[in-house]
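Accompanying notes for the structure given below.
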Protein chains: 2
Amino acid sequence: MKRKITLKHIARELGVSISTVSKALKNSEEIGAETKGRIQAYAKLHNYKPNNIAISLKNKRTKNIGVIIPDIVHHFFTTVFRGIENYANTKGYNVIVCLSDESFDKEVINMELLANGSIDGFIMALSAGTQQKGDYNHLKEVTDQGIPLVLFDRVADEINCDKVVINDREGAYQAVSKFIKDDRKKIALITTDEHYSVSRDRAAGYKQALLDHNLEYDEGLILKFPTMEIDEDAIEDFFNKTEVDAVLSVNEIFAIASMRFVQAKGLRIPEDISFIGFTDGILSKYATPGLTAVAQHGEKMGEIAAQMLIEKIELEVEEETYVTRMLEPTFVERGSTRNNK
Amino acid sequence: MKRKITLKHIARELGVSISTVSKALKNSEEIGAETKGRIQAYAKLHNYKPNNIAISLKNKRTKNIGVIIPDIVHHFFTTVFRGIENYANTKGYNVIVCLSDESFDKEVINMELLANGSIDGFIMALSAGTQQKGDYNHLKEVTDQGIPLVLFDRVADEINCDKVVINDREGAYQAVSKFIKDDRKKIALITTDEHYSVSRDRAAGYKQALLDHNLEYDEGLILKFPTMEIDEDAIEDFFNKTEVDAVLSVNEIFAIASMRFVQAKGLRIPEDISFIGFTDGILSKYATPGLTAVAQHGEKMGEIAAQMLIEKIELEVEEETYVTRMLEPTFVERGSTRNNK
DNA sequence: TTGTAGGCGTTATCAT
DNA sequence: ATGATAACGCCTACAA
């Protein structure tokens with residue numbers, strides 16, 4: 001087994017000083033051609049590679065970025081992550097991922113751990129626990145230390161930092177407008193509790209679209225779940241009791257489960273009832289019929305987040321100006337919607 | 001902005017030496033109660049936390065583990081990752097993820113980068129490119145340096161290291177046996193090219209089960225794709241030309257797409273044709289009917305991989321004994337299979 | 001052209 | 001009870 005070799009080994013072996021070796025390997029003009037040759041040859045032969053940790057300590061730069069997300073078994077987050085990882089890689093950064101598991105405590109612990117020198121900056125989406133609690137001190141502490149932070153998707157106005165979101169409100173607005181244009185009258189919304197910023201915005205878009213088109217905003221047409229967990233009974237109950245000809249869902253799963261149930265009831269999609277779901281994931285694509293979706297462009301979002309972060313990291317200057325980039329959602333039309341006129 | 005504070009700052013501020021501060025913060029008995037109190041109070045007040053990088057350099061231990069996987073937008077890998085991250089966290093390790101994107105080159109580059117001190121060990125699943133090429137020198141180099149390595153799911157016999165896999169062969173064998181017990185006669189296999197170790201093993205189990213039950217092994221009943229990419233046309237073509245009453249698929253997507261097509265053709269599932277798919281993911285669960293699946297226990301697999309790796313990392317002693325843990329797959333029965341007698 | 005010395009932040013050993 | 005020193009691996013300003 002050949003252990004990693006250091007400058008010191010090379011220096012000792014070749015009877016020169018460490019700094020000579022260091023310079024020679026950087027091809028410095030200061031070093032004589034012959035010495036340089038010997039050193040470089042030896043280094044190549046023994047596959048010398050500088051130790052990242054030592055360089056990090058010296059430069060006070062780790063070339064690592066910390067990503068903290070609520071869950072990884074989740075299509076949207078994985079696409080964002082892919083965007084981050086990909087961009088970061090092109091810039092020579094590695095990515096350390098921590099899962100908050102939707103828990104405030106885990107989010108805090110993970111952040112503090114990483115903030116002690118392991119990373120140069122954070123990219124994160126707030127956990128449900130954090131959004132519920134409304135306590136952002138761990139984020140403030142990190143930014144106070146001058147560590148750059150970019151929030152995506154699940155953000156909060158209270159935090160001063162760069163952000164990337166999609167225009168959830170507009171996505172919902174357009175979805176409902178499409179239903180209305182297709183002559184749907186009873187448009188339901190399936191959503192989660194308000195402390196998810198995304199649900200809040202989507203609900204706002206839903207309401208606004210109804211009002212703008214002179215339709216009644218009826219709380220009875222809203223099915224609200226406390227979390228992202230699915231509750232089949234509540235869905236059955238809702239669709240048994242409520243007459244509906246279109247459904248906007250804040251996520252895929254609620255939409256798919258609902259489609260399944262109404263189909264079992266004998267309703268036809270899209271003839272009798274039409275569906276649109278947020279987050280164009282794998283379920284939307286492979287459902288029968290395919291679920292028309294509001295695509296969130298996760299990969300693009302991750303790429304932008306990484307870009308914003310790395311710029312801040314490498315800019316050095318302590319700017320106190322933060323920007324929020326808002327991406328426009330896109331419609332992916334599939335079989336679950338069709339003009340009903 | 002309050003920058004991170006170091007031992008040196010505290011020492012200077014309190015007029016003591018750095019080593020006194022270091023000891024006091026470790027609650028060493030050597031330091032007088034009064035001094036210790038002052039130092040600890042000051043540290044608490046200024047929220048002193050030791051710098052991870054400096055500690056890594058000193059200890060030659062980063063407490064990071066490197067995970068290299070082909071793709072993250074993939075249900076199985078995310079469940080494995082969750083298992084890894086979770087276990088690693090309980091042991092005080094962080095996880096650096098790199099995506100090989102199924103490319104040999106990216107896999108090599110990422111590994112070499114991380115191997116230069118950033119991590120204490122690797123957990124990985126081989127990229128398609130690597131399996132195709134059959135070149136494992138980058139792995140040998142890493143293990144030669146004494147860096148522990150655990151391979152999961154996509155493994156290769158040529159590599160000497162710890163491994164975690166599921167018994168793919170047995171999973172396929174059982175699936176086919178179930179079909180036969182349900183009186184299915186024409187059992188198709190949808191698979192990928194042989195260089196995926198998992199496809200190879202699953203195909204072997206499929207064949208073995210047929211032979212053991214005195215059924216003919218007919219190449220005509222096998223639909224083989226070059227990659228994991230889906231090809232709708234090939235699927236349509238296959239099901240139009242081939243008479244089949246049961247289908248085993250090496251992944252969810254092929255199964256779901258096939259189910260969709262045969263249903264559109266007017267066949268009933270499971271009455272006319274029955275399906276079983278590998279990898280019990282989100283698609284299997286929400287398909288209509290639900291897809292009976294061979295569950296791979298990704299999370300467990302990740303946990304075991306992390307456990308094996310961390311043991312090796314912390315054991316120090318250079319053992320040359322490697323083990324392969326094989327997990328037994330489990331059946332998750334859903335609507336896509338039913339006794340047809 | 002080559003080498004020395006100091007520092008990045010921490011810890012451990014060995015003085016005082 | 002406290003402090004000086006060296007070391008982890010690398011880099012670089014400054015000497016020689």
Side-chain angles (χ1 to χ4, degrees), chain A residues 3-40 42-43 46-64 113-120 145-146, chain B residues 3-40 42-43 46-64 113-120 145-147 316:
Chain A
R3 280 254 164 244
K4 271 269 159 208
I5 202 173
T6 71
L7 290 183
K8 195 197 264 187
H9 293 316
I10 304 184
R12 195 190 314 126
E13 217 59 34
L14 265 49
V16 294
S17 81
I18 294 179
S19 56
T20 303
V21 177
S22 176
K23 286 169 184 163
L25 293 179
K26 298 197 118 53
N27 229 325
S28 161
E29 291 307 320
E30 296 180 38
I31 307 297
E34 192 269 339
T35 319
K36 214 147 75 171
R38 270 169 60 223
I39 294 176
Q40 290 181 351
Y42 189 92
H46 291 78
N47 191 31
Y48 169 80
K49 293 275 171 51
N51 180 314
N52 290 333
I53 298 292
I55 292 177
S56 293
L57 183 58
K58 178 118 246 291
N59 298 345
K60 297 171 152 227
R61 276 289 155 78
T62 62
K63 286 274 189 174
N64 286 153
L113 229 64
L114 293 184
N116 296 159
S118 300
I119 51 87
D120 297 336
Q145 282 170 41
Chain B
R3 278 254 164 244
K4 272 271 159 204
I5 201 174
T6 70
L7 290 183
K8 193 196 263 186
H9 294 315
I10 304 183
R12 196 190 313 127
E13 218 58 34
L14 265 48
V16 294
S17 80
I18 293 179
S19 46
T20 304
V21 177
S22 176
K23 286 170 185 163
L25 293 178
K26 297 200 120 53
N27 230 325
S28 160
E29 290 307 320
E30 296 181 40
I31 306 297
E34 191 269 341
T35 320
K36 212 148 77 173
R38 270 169 59 223
I39 294 177
Q40 290 180 352
Y42 189 93
H46 291 78
N47 192 29
Y48 168 80
K49 294 276 171 51
N51 180 314
N52 291 332
I53 298 293
I55 292 178
S56 292
L57 182 58
K58 181 117 246 291
N59 298 344
K60 299 172 150 225
R61 276 288 154 78
T62 62
K63 285 273 187 177
N64 286 154
L113 228 65
L114 293 184
N116 294 320
S118 300
I119 50 89
D120 297 336
Q145 281 170 41
I147 300 179
E316 296 275 5

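What's counted below: heavy atoms across the whole structure, side chains too, no hydrogens, waters or symmetry copies. Labels below follow one simple rule: chain letters A, B, ... track the order of the sequence lines, proteins then strands, and each chain is numbered from 1.
Considering CG of B/Asn64 and CD1 of A/Ile53, their distance stands at 7.0 Å, rounded to 0.5 Å. To the nearest 0.5 Å, the span separating CG on B/Asn59 from CG on B/Asn52 amounts to 10.5 Å.
When all heavy atoms are compared, the tightest approach of B/Ile5 to B/Tyr48 is O-CD1, 3.4 Å. Closest approach of A/Ala11 and A/Ser17 over heavy atoms only: CB-C, 3.8 Å.
As a whole-Å value, the separation of A/Arg12 CZ from D/dG9 C1' is 13 Å. Taking atom NE2 of residue A/His9 and atom P of nucleotide D/dA7, one finds them 14 Å apart after rounding to whole Å. Between A/Lys36 atom NZ and C/dG3 atom C1' the separation is 17 Å, expressed in whole Å. Per the geometry, NZ belonging to B/Lys8 stands 13 Å off P belonging to C/dG6, to the nearest Å. In this structure, B/Glu34 atom CD and D/dT2 atom C1' are separated by 13 Å, rounded to whole Å. A/Leu7 has its CG atom 15 Å from the C1' atom of D/dA7, to the nearest Å. Between B/Glu30 atom CD and D/dA4 atom P there is a gap of 15 Å when expressed in whole angstrom units. Rounded to whole angstrom, the span from the CG atom of A/Asn116 across to the C1' atom of C/dG9 amounts to 12 Å.
Between B/Thr35 and A/Ile5, the residue whose closest nucleotide on DNA chain D is further toward the 5' end is B/Thr35.
Within 4.0 Å of A/Ile55, counting heavy atoms only, lie sugar-phosphate atoms of the nucleic acid but no base atom.
Within a heavy-atom distance below 4.0 Å of DNA chain D, the residues of residues 16-29 of chain B found are B/Val16, B/Ser17, B/Ser19, B/Thr20, B/Lys23, B/Glu29. Taking every heavy atom of residues 57-64 of chain A and every atom of DNA chain C, pairs under 4.0 Å involve A/Leu57, A/Lys58, A/Lys60, by number.
B/Lys36 contributes a side-chain N or O that, together with a main-chain N or O of B/Ser28, makes up a donor-acceptor pair within less than 3.5 Å. In terms of modelled atom types and a separation under 3.5 Å, the side chain of A/Asp120 and the main chain of A/Thr62 share a donor-acceptor contact.
You'll find the side chain of A/Lys4 reaches within 4.5 Å of the side chain of A/Lys49, heavy atoms only.
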Show your working on side-chain contact (heavy atoms from CB on, under 4.5 Å) between B/Val16 and B/Ile39 and close with a plain yes or no. CA-CA 9 Å; B/Val16 294; B/Ile39 294 177; 4.3 Å; yes
Steps toward side-chain contact (heavy atoms from CB on, under 4.5 Å) verdict (B/Leu25, B/Leu7): CA-CA 10 Å; B/Leu25 293 178; B/Leu7 290 183; 3.9 Å; yes
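OP1 or OP2 of D/dC10 sits under 4.0 Å from a side-chain N or O of A/Tyr48.
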